[in-house]
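Quick caveat: nothing in here was measured; it's all calculated off a predicted structure. Values reported hereafter were calculated over all heavy atoms of this structure, with side chains retained and with hydrogens, waters and symmetry mates removed.
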2 protein chains.
Amino acid sequence: MATAGQLLIGEAIRTLDGRFRLSLPLELAGPLVADGARLVLAKERAGCLSLWSAAVWRPRLDAALDVLRSKLQAGLLAQRVGEVQQAGRLLSARHAALSLAGRERLVVPEGFRAFLGVEPGGDVVVVGAAVCVELWHPKAWQEVLTADMPDFRRRLDALTG
Amino acid sequence: MATAGQLLIGEAIRTLDGRFRLSLPLELAGPLVADGARLVLAKERAGCLSLWSAAVWRPRLDAALDVLRSKLQAGLLAQRVGEVQQAGRLLSARHAALSLAGRERLVVPEGFRAFLGVEPGGDVVVVGAAVCVELWHPKAWQEVLTADMPDFRRRLDALTG
DNA sequence: TCCCGCCGTGGGTTCAAACCCCATTGAGCT
DNA sequence: AGCTCAATGGGGTTTGAACCCACGGCGGGA
């Protein structure tokens, strides 16, 4: 399976330039674009965006959309319009397709800038997260590190044990 | 069934002009007017309006009204006059019929402007919400994204599982 | 120590889409 | 019938994204 053969690992600090461009370190960009240049940027939580190979992201999303579409047509969700509306709202805003320009550089799209919360000229922490690459607001990154690192050994053991 | 065949998905930022006109992106306007040009604008919450195909909105509204009417006639709500009064009041102000002008442009009606909270010249976030199109005040939109996005996967699973 | 190549950053240009202003049209009212 | 107001559609202008190139800093090698 694509990208499964290569874990995305690495950490780097990059600056977001005046036009919201961000260059990825080669060690992360290389494996990411290995299976096709098409990428998907997704909102994870405030202060964190994730970058996926489209080959990984697309099938998962399309499957969910197909199920949702067919259920709607069958009228199965007539009593849950509010939930469908909310899920649809998030589906629209959650991801955007993009590709890397020269120098392994990407442009953070309009709707994702406020969510990331980094102003032009500010720093972004680029982190490999095994299956994707994450872009963190430095402050949010510090908070996650502080909160999660003490349990790291236990989490890893749970996965490898 | 109308509009069920096409999920409304997409996100865009547009500006409200001096006459409270707003142009929709083609990708959202197309599917929305696919089954008839008649639309309904509804108040969702402060900072958010939703735009529905009349073919979808009408049946839902009529159904609710029918239930309310029959319960009233049966005297089932005699002890809850206050609630009925409040519901009736909101039913009156909740929605307005409208249609798109050229260039996929709509006019936000008088009573809806303060509810949306965007002044002329300000930005509006236009979001596809599967069954309707939503118009958001940028600030309210950010708050919803921050609050709801972390639970996205669970919510989607609840609908498609 | 000096040279050279690579990587990260900023800037200029081109091109397309979206926004704003304005002229024209149509309807409604006096 | 004439006037007034509002809506509509066209065109110019501006904004933003994609592409290309230039500078600086760092590291490796000679």
Side-chain angles (χ1 to χ4, degrees), chain A residues 8-34 36-41 49 51 54 92-93 95-116 118-128 133-136 138, chain B residues 10-30 32-33 37-39 41 51 96-113 116 118-128 133 135-138 141:
Chain A
L8 294 160
I9 297 295
E11 180 187 10
I13 297 182
R14 292 296 157 88
T15 65
L16 198 64
D17 75 5
R19 293 194 249 171
F20 294 95
R21 293 180 295 185
L22 187 75
S23 68
L24 299 182
L26 284 171
E27 54 177 1
L28 290 177
L32 242 196
V33 300
R38 287 163 30 251
L39 300 177
V40 171
L41 186 68
L49 303 175
L51 192 59
S92 291
H95 68 278
L98 56 82
S99 59
L100 295 188
R103 299 285 192 276
E104 281 71 45
R105 200 151 51 163
L106 65 90
V107 178
V108 178
E110 175 115 51
F112 292 71
R113 296 168 187 173
F115 193 83
L116 181 58
V118 176
E119 64 284 4
D123 283 343
V124 175
V125 185
V126 183
V127 185
V133 172
E134 294 178 341
L135 315 178
W136 285 88
Chain B
E11 181 188 12
I13 297 181
R14 292 295 159 88
T15 64
L16 200 62
D17 74 4
R19 308 232 159 125
F20 294 95
R21 291 181 297 186
L22 188 74
S23 70
L24 300 182
L26 282 171
E27 54 176 3
L28 290 177
L32 193 60
V33 301
R38 287 165 29 253
L39 300 176
L41 187 68
L51 192 59
L98 57 82
S99 60
L100 292 189
R103 266 181 238 177
E104 283 72 46
R105 206 155 46 163
L106 66 89
V107 179
V108 178
E110 178 85 16
F112 292 72
R113 296 167 188 173
L116 181 58
V118 176
E119 64 285 2
D123 283 343
V124 175
V125 185
V126 183
V127 185
V133 171
L135 315 178
W136 285 87
H137 188 291
W141 174 240

May I have the distance from [X] (atom [atom1]) to [N] (atom [atom2]), rounded to whole angstrom?
{"X": "A:Glu104", "N": "C:dG8", "atom1": "CD", "atom2": "C1'", "answer": "11 Å"}
{"X": "A:Arg105", "N": "C:dG10", "atom1": "CZ", "atom2": "P", "answer": "9 Å"}
{"X": "B:Asp17", "N": "C:dC21", "atom1": "CG", "atom2": "P", "answer": "9 Å"}
{"X": "A:Leu26", "N": "C:dT9", "atom1": "CG", "atom2": "P", "answer": "12 Å"}
{"X": "B:Leu22", "N": "C:dC20", "atom1": "CG", "atom2": "C1'", "answer": "15 Å"}
{"X": "B:Asp123", "N": "C:dC19", "atom1": "CG", "atom2": "C1'", "answer": "11 Å"}
{"X": "A:Glu110", "N": "D:dG16", "atom1": "CD", "atom2": "C1'", "answer": "9 Å"}
{"X": "B:Leu100", "N": "D:dA7", "atom1": "CG", "atom2": "C1'", "answer": "14 Å"}

Nearest heavy-atom contact between A:Leu106 and A:Leu100 is CB-CD2, 3.7 Å

Minimum heavy-atom separation for A:Val118 to A:Phe20, with atom names?
O-CE2, 4.2 Å

Does any N or O donor sit under 3.5 Å from an N or O acceptor when you compare the side chain of A:Arg21 with the base of C:dG11?
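Side chain to base: pair found, below 3.5 Å.
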
Students often get this wrong, so: under 4.0 angstrom with heavy atoms, is B:Arg14 touching a base, only sugar-phosphate, or nothing?
sugar-phosphate

Determine the contact category for B:Ala101: base if any of its heavy atoms lies under 4.0 Å from a base atom, sugar-phosphate if only primed atoms, P, OP1 or OP2 are that close, otherwise nothing.
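The residue B:Ala101 makes sugar-phosphate contact but no base contact.
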
Could you say whether B:Arg19 or A:Ile13 is positioned toward the 5' end of DNA chain C, judged by the nucleotide with the nearest heavy atom to each?
A:Ile13

At under 4.0 Å, does any side-chain N or O of [X] touch on OP1 or OP2 of [N]?
{"X": "B:Ser23", "N": "C:dC19", "answer": "yes"}
{"X": "B:Thr15", "N": "D:dT15", "answer": "no"}
{"X": "B:Arg103", "N": "D:dG9", "answer": "no"}

Would you say B:Ser23 and B:Arg103 are linked by a side-chain donor-acceptor pair, where the criterion is simply a distance under 3.5 Å?
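No, no side-chain donor-acceptor contact under 3.5 Å.
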
Checking B:Val107 against B:Leu98 for the side chain to side chain contact (heavy atoms under 4.5 Å, CB included) test, could you report, in this order, the C-alpha distance in whole Å, the side-chain angles of both residues, the deciding distance, and whether it holds?
CA-CA 8 Å; B:Val107 179; B:Leu98 57 82; over 6 Å; no

Partners passing side chain to side chain donor-acceptor pair (under 3.5 Å) against B:Asp17 (at least two apart in sequence or in another chain):
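Scan of B:Asp17 (side chain to side chain donor-acceptor pair (under 3.5 Å), adjacent residues dropped) gives B:Arg21.
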
